Structure formats: C-alpha cells, structure tokens
Amino acid sequence: MAPTFDNESSLFNFVVRDGNGVKGIVDSGISKVPHAYIQPHAEQIDKKSASKCEIPPIDLSKLDGPDHDEVVNQIVRASETLGFFQVVNHGVPVQLLDSLKQTAHNFFSLPAERKAVYRKEVSPSPLVKYGTSFVPEKERALEWKDYISMAYTNDDEALQQWPIECRDVALQFLKTSHEMVRNLLEALLGNLGEELDDSKIDAFIGKKMVNMNFYPTCPNPELTVGVGRHSDMGTLTILLQDGIGGLYVKVPEDVDMEKKGEWVEIPSIPGALVINVGDMLQIWSNGRYKSAEHRVRTTSTKSRVSIPIFTSPLPTQKVAPLPQVVKKDGVARYREFVFSNYMNSFFGNAHDGKKSLEFAQVNSN
C-alpha cells in the first residue's frame with residue numbers, strides 16, 4: 001500500500017525515520033508537494049525576479065605568474081563583498097568533476113534500504129551520515145533535499161568506512177582540491193597579515209567533510225526550497241554544481257555593490273568550482289570577509305546534485321578574530337570560543353540566514 005503523506009507524523013516516519021528521504025516521496029508518484037514541505041511565503045524563491053551573478057570566474061592558474069597579485073586581489077575583493085566566487089583552472093580534473101556528478105546520481109538511485117543503513121541513529125561509522133533536510137525535528141517546513149555526508153580523518157578510514165559506491169571519487173575530489181584550498185587560504189590570510197605554514201594549517205582547515213546532495217524533481221518548486229537561507233559554519237566551502245542551477249546568494253546590505261539585499265543566482269559554469277566564505281573566516285577576519293548567505297531552489301524538470309567539500313577547524317580548536325586584525329580595527333567584534341561549541345549551536349537550530357553568527361558576536365545581547 002502506498003504511504004499517505006497527509007498525516008505529518010507518518011510522513012516524518014517514512015522520510016526521516018525509515019530513511020526513504022524526499023526521493024521516496026517522489027518515487028511514490030506524488031502530484032503535489034506534501035504540506036510539511038511548503039515554505040512560508042517569505043522563504044519561497046521567485047525564480048523570475050532573481051538576476052544572475054555576472055562576476056566572471058577567477059583563473060587560479062595565474063597565481064603562479066606575473067598576475068599573482070591581481071588574482072589575490074580578486075579573491076580578497078570577492079570575499080569582502082559577496083563571499084562567493086567561482087574558480088577555473090583550479091587543478092581538479094574536469095573528468096573527475098563529471099564522474100562525481102554521475103556517482104552522486106548513482107548513489108541516490110540505490111534502493112532506500114541501502115542508503116538508510118547510514119542514518120545517524122544506525123550508521124556503522126561515525127564518519128558517515130545519510131539524511132534529509134537539515135534539522136528535520138526543528139524545522140517549520142522541511143527542505144527538499146537528501147544527502148550523504150562523509151567526514152575525513154585519514155585515507156585508510158575513508159576507504160574502509162565511506163560507502164563503497166561513492167568513496168573513491170569523493171576521496172579523490174578531497175585530495176586533488178587540497179592545494180587549491182591552501183592557495184585560497186594563503187591569499188585570504190596573507191591579506192590579513194597571517195602567514196599560513198604547515199604547523200598552522202590544521203587550525204584553519206583541520207576538519208574536512210565531503211557531502212553529496214540530491215534535490216529530486218519537485219511538482220511545485222515555487223512552494224519549496226532545496227536548502228533554506230544559511231551561511232556555512234566552517235572556513236571555506238568548495239562546491240561542485242551540476243548544469244541545472246538553482247543556487248542563490250544574498251548580496252550583503254553593507255558592501256559597495258549593486259543589488260544590495262537582493263538574491264542573485266550563481267550560474268553554472270562548465271568546469272568551474274564555486275567557493276564560499278564560511279562563518280569562521282568571517283570571525284578570523286573580524287568581519288572583513290563575509291560568510292555568504294545562500295539558499296537553493298528546487299526544480300520540476302530534472303533532479304539536481306551538488307557536491308560540497310566543507311573545511312573547518314578541528315573541533316577542539318579555539319577561534320577568535322586574529323590579533324593583528326583586532327589591533328588594526330581597534331575592536332574585536334567576536335569573542336573567543338571552542339569550535340565544537342559553535343558546531344553544536346549550528347546543528348542545534350534550523351537554518352535562519354546568518355543567525356548562526358550570533359553565537360560568537362560580542363554584542364549579541
């Protein structure tokens with residue numbers, strides 16, 4: 001008998017507790033979105049009114065030549081304004097990017113019971129979590145997304161514990177992107193007067209995770225969101241989009257840019273990777289760099305995948321604005337805290353724009 005989705009508790013059990021995910025709802029043949037997924041009007045995304053982000057991608061191959069300083073300036077400028085930029089010639093093979101997208105589609109096409117073994121409550125590995133939405137227990141409206149999350153400790157554990165269907169390409173993505181991440185971080189921290197050496201690198205990006213996100217086709221995309229408004233909690237996020245698009249970033253009110261306060265779509269550029277600033281980089285920079293508020297739209301025509309790498313400090317790491325930046329600014333806008341406490345706060349609440357940063361703000365009372 002087909003499940004009924006009118007009853008919210010039976011829907012929740014089917015999607016979340018039994019691990020069928022949003023894909024399970026879609027596969028059941030629904031013709032309209034269940035009520036639990038209908039977003040408040042203010043959160044719905046009007047595709048027609050959003051403009052595309054026209055900023056050209058940054059060519060990272062030029063970091064090694066006479067244009068080095070100009071490329072660093074482009075990276076810094078993007079991080080101080082939108083908090084989002086795209087990069088090409090980044091060192092990650094395009095064939096690997098294509099393979100990642102296909103692998104993500106293949107994984108989410110598996111039978112529900114094969115994916116559900118990785119649900120948080122039953123996963124055989126603390127490194128792997130399969131789920132849906134963000135914090136389903138706390139959300140007013142659920143997000144139209146399923147995901148598999150793979151935390152990285154070392155190569156051996158990844159090969160032993162990550163799902164066999166996607167571990168090899170996910171690990172290759174993580175490893176081939178490392179030099180690019182380091183180069184970006186060197187540019188951004190160097191601009192703040194902080195030298196990045198091997199002894200310090202774990203303080204900034206010691207924790208890494210690869211996710212594969214799946215946004216099934218949606219009968220009423222205008223009523224739902226794939227991901228609600230939020231900023232990422234970590235240092236830098238490296239995102240592979242597919243060709244479908246649907247990623248939107250909010251132009252901050254306090255920057256010298258056109259379209260302040262508006263949502264712009266980050267277009268899909270073949271072979272490019274999307275980079276976005278996370279909350280920790282905003283805090284280390286004492287607010288100079290902007291963690292990007294972003295969200296994702298659903299689509300009725302084709303299922304979409306995206307594959308992000310999240311980099312962040314180790315959970316035990318203390319985080320505070322860099323002393324030399326505070327000295328220059330004359331004030332610390334954020335307090336010192338242990339990153340694991342920030343993580344607990346972040347994952348303990350539903351997505352709500354950049355509210356996550358209030359945890360660390362000095363004047364948050």
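These numbers come from a predicted model, not from an experiment.
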Sub-4.5 Å side-chain heavy-atom contact between [X] and [Y]:
| X | Y | result |
| --- | --- | --- |
| Asn20 | Thr132 | no |
| Leu188 | Leu192 | no |
| Val72 | Glu186 | no |
| Ile38 | Asn220 | no |
| Tyr215 | Arg297 | no |
| Ile309 | Leu240 | no |
| Tyr147 | Val227 | no |
| Ser31 | Pro219 | no |

Say whether [X] and [Y] are linked into one hydrophobic cluster, either directly or through other cluster members, by side-chain heavy-atom distances under 4.5 angstrom.
| X | Y | result |
| --- | --- | --- |
| Ile45 | Phe84 | no |
| Val88 | Leu236 | no |
| Leu281 | Val338 | no |
| Phe310 | Val277 | no |
| Val181 | Met209 | no |

Check whether any side-chain N or O of [X] sits under 3.5 Å from a backbone N or O of [Y] as a donor-acceptor pair, and report yes or no.
| X | Y | result |
| --- | --- | --- |
| Thr217 | Lys302 | no |
| Gln241 | Ile266 | yes |
| Asp197 | Ser199 | yes |
| Lys115 | Tyr130 | no |
| Asp242 | Ile244 | yes |
| Arg295 | Tyr248 | no |
| Lys354 | Ser291 | yes |
| Gln282 | Gly83 | no |
| Asp146 | Lys23 | yes |
| His68 | Leu63 | yes |

Could you pull out the closest heavy-atom pair between [X] and [Y], with the gap in Å?
| X | Y | result |
| --- | --- | --- |
| Glu143 | Gly228 | OE2-N, 2.9 Å |
| Gly261 | Lys250 | O-CE, 3.6 Å |
| Phe339 | Leu314 | CB-O, 3.7 Å |
| Thr235 | Ser312 | OG1-CA, 3.6 Å |
| Val33 | Cys218 | CG2-SG, 3.5 Å |
| Val169 | Ser99 | CG1-OG, 3.3 Å |

[X] atom [atom1], neighbour heavy-atom count above 12 within 6.0 Å:
| X | atom1 | answer |
| --- | --- | --- |
| Lys200 | NZ | yes |
| Gln324 | CD | yes |
| Lys327 | NZ | no |
| Glu195 | CD | no |

Would you call Arg114 and Glu165 a salt bridge, using N to O less than 4.0 angstrom?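 Salt bridge flag = yes for Glu165 with Arg114.
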Evaluate Glu43 against Arg229 for side chain to side chain contact (heavy atoms under 4.5 Å, CB included), listing each step before the verdict. CA-CA 8 Å; Glu43 301 299 332; Arg229 298 177 298 110; 2.9 Å; yes
Look at the aromatic rings of Tyr152 and Trp162 and report parallel, tilted or perpendicular, splitting at 30° and 60°.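 Tyr152 and Trp162: perpendicular rings.
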Which of parallel (below 30°), tilted (30 to 60°) and perpendicular (above 60°) describes Tyr342 and Phe359?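 Perpendicular, since the angle between the ring planes exceeds 60°.
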Run the numbers on Arg288 and Glu80 for salt bridge (charged side-chain N to carboxylate O under 4.0 Å, His left out), then give the verdict. CA-CA 6 Å; Arg288 289 190 197 185; Glu80 289 176 339; 5.9 Å; no
Between Asp168 and Gln172, is any side-chain donor less than 3.5 angstrom from a side-chain acceptor?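 Result is no, nothing qualifies.
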Residues Asn13 and Arg17: side-chain donor-acceptor under 3.5 angstrom: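 Judged by distance alone, the side chains do pair up.
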Using the side chain to side chain contact (heavy atoms under 4.5 Å, CB included) rule, take Phe107 and Val305 through it: C-alpha gap first, then chi angles, then the decisive distance, then the call. CA-CA 11 Å; Phe107 178 82; Val305 294; over 6 Å; no
Tell me, with the steps shown, if Tyr334 and Asp279 meet side chain to side chain donor-acceptor pair (under 3.5 Å). CA-CA 11 Å; Tyr334 304 95; Asp279 290 351; over 6 Å; no
Carefully, step by step, assess Leu60 and Asn183 under the rule side chain to side chain contact (heavy atoms under 4.5 Å, CB included). CA-CA 9 Å; Leu60 290 188; Asn183 289 340; over 6 Å; no
Start with the C-alpha gap between Val325 and Glu194, add the side-chain angles, then the distance that decides, and say whether side chain to side chain contact (heavy atoms under 4.5 Å, CB included) holds. CA-CA 9 Å; Val325 183; Glu194 182 80 4; over 6 Å; no
I'd like to check the side chain to side chain donor-acceptor pair (under 3.5 Å) partners of Gln39; sequence neighbours left out, ordered by chain and number.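 Gln39 satisfies side chain to side chain donor-acceptor pair (under 3.5 Å) with no other residue.
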Say you draw a straight line from [atom1] of [X] to [atom2] of [Y]; how long is it, rounded to the nearest 0.5 Å?
| X | Y | atom1 | atom2 | value |
| --- | --- | --- | --- | --- |
| His90 | Glu179 | NE2 | CD | 13.0 Å |
| Lys32 | Leu223 | NZ | CG | 11.0 Å |
| Ile275 | Ser177 | CD1 | OG | 8.5 Å |
| Met233 | Ser356 | CE | OG | 10.0 Å |
| Ile307 | Leu100 | CD1 | CG | 5.5 Å |
| Lys207 | Thr153 | NZ | OG1 | 10.0 Å |

For Asn276, the option from Leu247, Ile238, Thr237, Val249 that meets side chain to side chain contact (heavy atoms under 4.5 Å, CB included):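 Considering Leu247, Ile238, Thr237, Val249, a side chain to side chain contact (heavy atoms under 4.5 Å, CB included) with Asn276 is found only for Thr237.
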